[in-house]
Amino acid sequence: VVVPEIEFTSTLFPFLVQERLGRCTVRLVPADRIAEAIDANTDVVAFSAVQMSNGELADLDGIAAAAQAHGVTTIVDATQAVGWLPLDATRFDAVACAAYKWLMSPRGTAFMYLRRELLGAIAPVTASWYGGEDVHASYFGPPLRLAESARRLDTSPAWFSWVGTRPALELLGQIGIEAVHAHDLELANRFRAGLGLPAGDSAIVSIDAQDAGARLARAGVMAATRGGRLRTSWHVYNTDEDVDRVLELLGAG
Ligand SMILES: Cc1ncc(COP(=O)(O)O)c(C=O)c1O
């Protein structure tokens, strides 16, 4: 299993657990070398479409092509991508995302795309009433009667969280992902320009100013410190004024 060496642990650890059980060997490679690391010895590649630590975009085209050439299963964590980065999930085998980041939802909801051909090969080990073909006829007793579709892998829902996810998705759908993408990149690049950095392709801008986190927080600006760097994430609710204010607080305005 090929995984980027800086991969977020919620994507990496499941494979390290399987490695410990003797079921696979995990090969960690630099995030920008995933495509070239895929070879005849690779069964699976698992990676984030956008890295949590620094906002780096995966080479989706290169990885999809290399995986196809070697018959490798592709598993994409799109948690830091879906909501701002247009992403065609059908190019990969499995694409999962938590909704509580760029999809602006409460914690507790998530989505997964799965290529249909893979469904039969996956044991639904978390099967429950909610994975039943007819949910309300699946409360009690045998036989095992799971949905034909990928819903058989679903878990019983965190109800209250979905109440928030629905309007968030409706709003994003109304604005349109292309417009969100353009807006977020414009803000991120305005921020980069203010810091004297070249334009980039990510809505996440990670800079070497970790001591600024507390200063920003005191001014009511929420940014994260990750991997020893200050990480800013620019989204649909932010404005040019927000960017300028952060630049000013960082002494670059
Ligand atoms: C790439 C990625 N995947 C998944 C998650 C969510 O992980 P979890 O649901 O384990 O908190 C995050 C959160 O930071 C993330 O950055």
Side-chain angles (χ1 to χ4, degrees), residues 1-18 26 28-35 44-60 63-64 67 73-89 91-114 125-126 130 153-162 164-165 168-169 172 177 180-181 184 188 200-207 210 213 216-217 222-238:
V1 180
V2 169
V3 184
E5 58 194 1
I6 56 166
E7 187 54 64
F8 186 59
T9 48
S10 291
T11 299
L12 171 65
F13 278 5
F15 293 101
L16 293 184
V17 169
Q18 294 300 323
V26 175
L28 296 171
V29 302
D32 59 356
R33 307 268 292 278
I34 296 289
V44 174
V45 57
F47 63 97
S48 285
V50 175
Q51 281 297 331
M52 182 266 218
S53 57
N54 58 14
E56 184 179 336
L57 267 65
D59 171 14
L60 295 174
I63 296 171
T73 300
T74 48
I75 301 176
V76 185
D77 180 336
T79 300
Q80 295 286 359
V82 174
W84 76 269
L85 183 72
L87 186 132
D88 178 4
R91 301 174 67 197
F92 301 98
D93 293 306
V95 179
C97 73
Y100 74 93
K101 293 190 178 289
W102 300 86
L103 292 176
M104 302 183 293
S105 298
R107 180 180 259 280
T109 60
F111 296 93
M112 182 170 76
Y113 161 83
L114 189 67
V125 288
T126 60
Y130 204 75
L153 303 173
D154 211 346
T155 55
S156 34
W159 285 306
F160 301 121
S161 300
W162 286 103
T165 295
L169 291 189
L172 284 168
I177 193 65
V180 174
H181 179 240
D184 290 12
D201 59 2
S202 182
I204 295 175
V205 183
S206 163
I207 58 169
Q210 75 182 102
L216 293 182
M222 293 180 66
T225 302
R226 294 285 181 272
R229 292 167 70 83
L230 182 76
R231 190 192 67 183
T232 59
S233 302
W234 303 97
H235 204 12
V236 67
Y237 39 73
N238 290 123

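Ligands are counted one by one from 1 in listed order, and the atoms in each one are counted from 1 as well. Atom set for the values below is all heavy atoms of this structure, side chains included, hydrogens, waters and symmetry mates excluded.
Shown here are the side chain to side chain donor-acceptor pair (under 3.5 Å) partners of Y113, two or more places apart in sequence or in another chain: there are none. R91 meets the side chain to side chain donor-acceptor pair (under 3.5 Å) test with D61; sequence neighbours excluded. For T73, the side chain to side chain donor-acceptor pair (under 3.5 Å) test picks out no residue, with sequence neighbours left out.
Annotation: the span from Q80 atom CD to N54 atom CG amounts to 10.5 Å, rounded to 0.5 Å.
Closest approach of A31 and E56 over heavy atoms only: CB-OE2, 3.7 Å.
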Check each N or O atom of ligand 1 against all protein N or O atoms and list the pairs under 3.5 Å, with atom names and distances to 0.1 Å, one per line.
unit_1, atom_1, unit_2, atom_2, d
ligand 1, 3 (N), D77, OD1, 3.2
ligand 1, 3 (N), D77, OD2, 2.5
ligand 1, 3 (N), T79, OG1, 3.4
ligand 1, 10 (O), S10, OG, 2.7
ligand 1, 11 (O), Y100, OH, 3.1
ligand 1, 11 (O), R107, NH2, 2.8
ligand 1, 14 (O), K101, NZ, 3.2
ligand 1, 16 (O), Q80, NE2, 2.8

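Between F111 and W162, the ring centre distance stays below 6.0 Å.
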